[in-house]
**Q** 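Have a look at this one before I ask anything.
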Amino acid sequence: MISANKKITFASLKVGDELPEFEISETQESIDGARNPDRAEDSPPRNIHNDPDFAKEGLFAGTVNAGVTTMAYISQMLEKWFPAEAFYNGGSLTYKGVGPFRPGDNVVFTGTVTAKRTENGKNFVDLEIKGVDQTGRLVGVAEATVVPDA
Amino acid sequence: MATETEKRWEWESVEPGPSGEPFVSHVTPDSIAAYARRVRNFNPAYTESGPGDLAMPTGVFNDAPLRRNSVAKASGYVALEWVKENSRQTPFAKCEVRWFAPVRAGDTITSSARVLEKYERRGNKFVTFRVEALNQDGVKVSEYDYTCIFEYAKGQKTA
């Protein structure tokens with residue numbers, strides 16, 4: 001497990017290191033709060049995030065959070081160990097939604113270092129992350145690449 | 001059914017093509033803090049952001065939003081979320097974001113979105129959009145590929 005009390009560097013990381021868990025839950029209030037009120041004109045009039053009546057007729061039979069909000073949670077998880085600069089200088093994040101993240105769900109994200117590599121003098125660390133809800137259901141999986149010494 | 005002037009942007013009509021109109025966003029300490037709070041990241045580096053401070057990396061989704069109706073309009077259609085009758089969601093399937101340069105308070109981000117590809121898998125029909133974000137110096141700071149489900153395999157509900 002990576003320690004919170006130690007500066008994370010490329011050299012200090014090992015393949016197989018586990019990131020500390022990150023836990024977060026959703027409520028309808030938090031899903032509504034994720035909307036940018038200044039961009040209302042860009043939001044569809046009816047949607048599966050903020051319109052329970054509309055959402056209950058859809059695939060998920062209820063409201064769900066936005067996938068990019070879940071990506072922000074994963075970013076938050078990673079940022080506890082890697083500074084924002086580690087993303088901006090050649091990092092990436094891919095998230096695949098496996099199941100809905102609904103109001104009332106509590107999701108725990110876990111992650112592992114899967115590779116370290118140096119390309120063109122830049123050190124990259126690859127990670128795999130997954131999110132599982134309170135019932136053990138897989139909500140989503142992610143792959144991230146960071147440049148910890150950026 | 002679409003109205004006479006509305007052409008529904010169904011999967012069959014989607015083709016890689018023109019970009020939607022550019023979107024300009026001014027990154028400020030307030031906008032960095034507001035985004036962080038909306039996604040419940042209470043790191044003071046963001047919530048107490050000052051001039052020149054770094055934005056949260058996923059802030060690209062706020063500063064360079066995917067405005068799919070703008071892309072639909074560029075091809076003469078109306079996105080399914082925006083049609084007046086029988087509107088339909090095209091939910092998130094996956095997204096890959098790549099960062100190339102920092103975004104800081106004081107930057108101006110100009111972004112545009114276009115259809116990158118469409119494909120069918122196990123009866124589900126997907127569309128991937130690419131959004132590119134450039135700063136005031138014309139440097140591409142990030143891009144993301146956002147895939148949504150336009151149509152479900154038969155037997156599943158729509159959303």
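Just so you know, these numbers come straight off a predicted model, no measurement behind them. Within every chain, numbering begins at 1; the chains are lettered A, B, ... in the order of the sequence lines, protein sequences first and strands thereafter.
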**Q** Treat each ILVMFWY residue as a node, draw an edge where side-chain heavy atoms are under 4.5 Å apart, and state whether A:V141 and B:F92 are in one component.
**A** no

**Q** I need the residue from B:A45, B:P102, B:C95 with the largest number of non-hydrogen atom pairs under 4.5 Å to chain A.
**A** B:C95

**Q** Just so I understand: if I count every heavy-atom pair under 4.5 Å between each of A:M71, A:H49, A:K96, A:R46 and chain B, which residue has the most?
**A** A:M71

**Q** Regarding B:N135 and B:D107, do their side chains bring together a donor and an acceptor under 3.5 Å, going by distance alone?
**A** no

**Q** Considering only heavy atoms and a distance below 4.5 Å, find which of A:S30, A:A142, A:G140 pairs most often with chain B.
**A** A:S30

**Q** May I ask you to name which of B:A93, B:S70, B:A79 has the most heavy-atom pairs under 4.5 Å with chain A?
**A** B:A93

**Q** Below 4.5 Å from any heavy atom of chain B, which atoms of A:I74 appear? Answer side chain, backbone, both or neither.
**A** neither

**Q** Can a cation-pi geometry be assigned to B:K125 and B:F150, taking NZ or CZ under 6.0 Å from the six-membered ring centre and within 45° of the ring axis?
**A** no

**Q** With chain A, which of B:N41, B:V141, B:V39 has the greatest number of heavy-atom pairs at distances under 4.5 Å?
**A** B:N41

**Q** In terms of heavy-atom proximity below 4.5 Å to chain A, should B:V103 be classed as side chain, backbone, both, or neither?
**A** both

**Q** Tell me, side chain or backbone of B:F100 under 4.5 Å from chain A's heavy atoms, or both, or neither?
**A** backbone

**Q** Pick from B:R40, B:R68, B:M56: which one has the most heavy-atom pairs with chain A under 4.5 Å?
**A** B:R40

**Q** How about B:F129 and B:Y146: are their ring centres within less than 6.0 Å of each other?
**A** no

**Q** Testing the 3.5 Å rule here: is there a donor-acceptor pair between the side chains of B:Q89 and A:N47?
**A** no

**Q** Could you tell me how the ring of A:Y73 sits relative to the ring of A:F22: parallel (under 30°), tilted (30 to 60°) or perpendicular (over 60°)?
**A** tilted

**Q** Is there a side-chain contact between A:I8 and A:L13 in this structure, where contact means two heavy atoms from C-beta onward sitting under 4.5 Å apart?
**A** yes

**Q** Heavy-atom cut-off 4.5 Å, strictly under: side chain, backbone, both or neither for A:E79 against chain B?
**A** side chain

**Q** Top residue by heavy-atom pair count (under 4.5 Å) with chain B, among A:A55, A:S75, A:A66?
**A** A:S75

**Q** Checking A:R35 against chain B: side chain, backbone, both or neither under 4.5 Å from a heavy atom?
**A** backbone

**Q** Taking side chain as everything from C-beta outward and backbone as N, CA, C, O, which of these in B:S25 sits under 4.5 Å from a heavy atom of chain A? Side chain, backbone, both or neither.
**A** side chain

**Q** Hey, is the main chain of A:F10 close enough, under 3.5 Å, to the side chain of A:K116 for a donor-acceptor pair?
**A** yes

**Q** Can you check salt bridge (Lys or Arg N to Asp or Glu O under 4.0 Å) on B:E6 and B:R8, steps first, answer last?
**A** CA-CA 6 Å; B:E6 269 188 343; B:R8 296 174 66 92; over 6 Å; no

**Q** Give a yes-or-no answer on whether the side chains of B:T108 and B:H26 include a donor-acceptor pair shorter than 3.5 Å.
**A** yes

**Q** Let me know if A:F87 has heavy atoms under 4.5 Å from chain B in its side chain, its backbone, both or neither.
**A** both

**Q** B:Y144 versus chain A, heavy atoms under 4.5 Å apart: side chain, backbone, both or neither?
**A** neither

